[in-house]
Engineer: 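To start, I am sharing the structure in question, which I have written as structure tokens.
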Amino acid sequence: QVQLVESGGGLVQAGGSLRVSCVASGRTFTSYDMGWFRQAPGKEREFVAKISTNGRLTYYADSVKGRFTISRDNAKNTLYLQMNNLKREDTAVYYCAASTWSGSGRSENLYNSWGQGTQVTVSS
């Protein structure tokens, strides 16, 4: 399996921007589609975005479409999530995850490895 470590979370005001990162080690990063999920207090973990192995295909939850951008740098074994125009409801722990499943991959059951998460808090 691949090991994943997220970073870049923090406190940001509503309307602001933040970029979270996820560094992979272990198995070959380019073998995996990668995704971002989030979990808000008292809620179930939900899909945010997914990117294919070569970065050409991306998928987004409707709630973040047009505001968030998922990308990857395979030379650096790193996944990114650029978050713009943040809203209070984006407050959550953000997790990156690796999947051997191609496609939209919105179910967390399709992911083999998970990071520990990074907290993103959006204040009004």
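FYI, the numbering just counts along the sequence from 1.
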Engineer: Tell me whether the count of non-hydrogen atoms from other residues, nucleotides or ligands lying under 6.0 Å of CH2 in Trp101 goes above 12.
Structural biologist: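 For Trp101, atom CH2 is not crowded (no more than 12 foreign heavy atoms under 6.0 Å).
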
Engineer: If you look at every heavy atom in Gln116 and Val5, which pair is closest and at what distance?
Structural biologist: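 Of all heavy-atom pairs spanning Gln116 and Val5, the closest is OE1-CA, 3.7 Å.
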
Engineer: How many angstroms lie between CD in Glu108 and OG in Ser99, if you round to the nearest 0.5 Å?
Structural biologist: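 So the gap between those two atoms works out to 12.0 Å.
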
Engineer: On a heavy-atom basis, which atom in Arg88 and which in Ser124 lie closest, and how many Å separate them?
Structural biologist: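 In terms of heavy atoms, the two residues are closest at CD-CB, 3.6 Å.
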
Engineer: With rounding to the nearest 0.5 angstrom, report the SG to OH distance, Cys96 to Tyr80.
Structural biologist: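 Going from the SG atom of Cys96 to the OH atom of Tyr80 covers 12.5 Å.
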
Engineer: So for atom CD, which belongs to Glu44, do other residues, nucleotides or ligands contribute more than 12 heavy atoms lying within a distance under 6.0 Å?
Structural biologist: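 No, the 6.0 Å shell around CD holds no more than 12 heavy atoms from other groups.
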
Engineer: Which pair of non-hydrogen atoms, one from Arg38 and one from Ser63, has the smallest distance, and what is that distance?
Structural biologist: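 Smallest interatomic distance, heavy atoms only, reads NH2-OG, 3.5 Å.
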
Engineer: Would you compute the distance between atom OG1 of Thr91 and atom CD of Gln39 and round it to the nearest 0.5 angstrom?
Structural biologist: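 Answer for the OG1-CD pair, Thr91 versus Gln39, is 13.5 Å.
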
Engineer: If you take all heavy atoms of Thr78 and Val23, which pair is closest and at what distance?
Structural biologist: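 Reported closest heavy-atom pair: OG1-CG2, 3.9 Å.
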
Engineer: Determine the minimum heavy-atom distance between Ser17 and Gln82, stating which atoms define it.
Structural biologist: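 Smallest heavy-atom distance, with atoms named: CB-NE2, 3.9 Å.
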
Engineer: Which pair of non-hydrogen atoms, one from Ala40 and one from Ala92, has the smallest distance, and what is that distance?
Structural biologist: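 Distance-wise, the nearest heavy atoms are N-CB, 3.8 Å.
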
Engineer: Could you tell me if the side chain of Ser104 sits less than 4.5 Å from the side chain of Lys50, heavy atoms only?
Structural biologist: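 When only atoms from C-beta onward are counted, Ser104 and Lys50 do not touch, as no gap falls below 4.5 Å.
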
Engineer: Would you give the length of the straight line joining atom CZ of Arg72 to atom CG of Asp33, rounded to the nearest 0.5 angstrom?
Structural biologist: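 Output value for this atom pair is 7.0 Å.
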
Engineer: Apply the hydrophobic cluster definition, ILVMFWY joined by side-chain contacts under 4.5 Å directly or through others, and give me every member besides Phe68.
Structural biologist: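 Phe68 shares its hydrophobic cluster with Val2, Leu4, Val12, Leu18, Val20, Phe29, Tyr32, Met34, Trp36, Val48, Ile51, Tyr60, Val64, Ile70, Leu79, Leu81, Met83, Leu86, Tyr94, Val120, Val122.
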
Engineer: Only one of Asn85, Asn84, Asp90 passes side chain to side chain donor-acceptor pair (under 3.5 Å) with Arg67; say which it is.
Structural biologist: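 One option only clears the test, and that one is Asp90.
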
Engineer: How many angstroms lie between OG1 in Thr100 and CD in Gln1, if you round to the nearest 0.5 Å?
Structural biologist: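 Answer for the OG1-CD pair, Thr100 versus Gln1, is 10.0 Å.
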
Engineer: Taking the six-membered ring for Trp and the single ring otherwise, decide whether the centroids of Tyr59 and Phe47 are under 6.0 Å apart.
Structural biologist: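 Ring-ring flag for Tyr59/Phe47: false, centres at least 6.0 Å apart.
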
Engineer: How long is the straight-line distance from CG of Asn74 back to CG of Asn54, given to the nearest 0.5 Å?
Structural biologist: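 Going from the CG atom of Asn54 to the CG atom of Asn74 covers 8.0 Å.
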
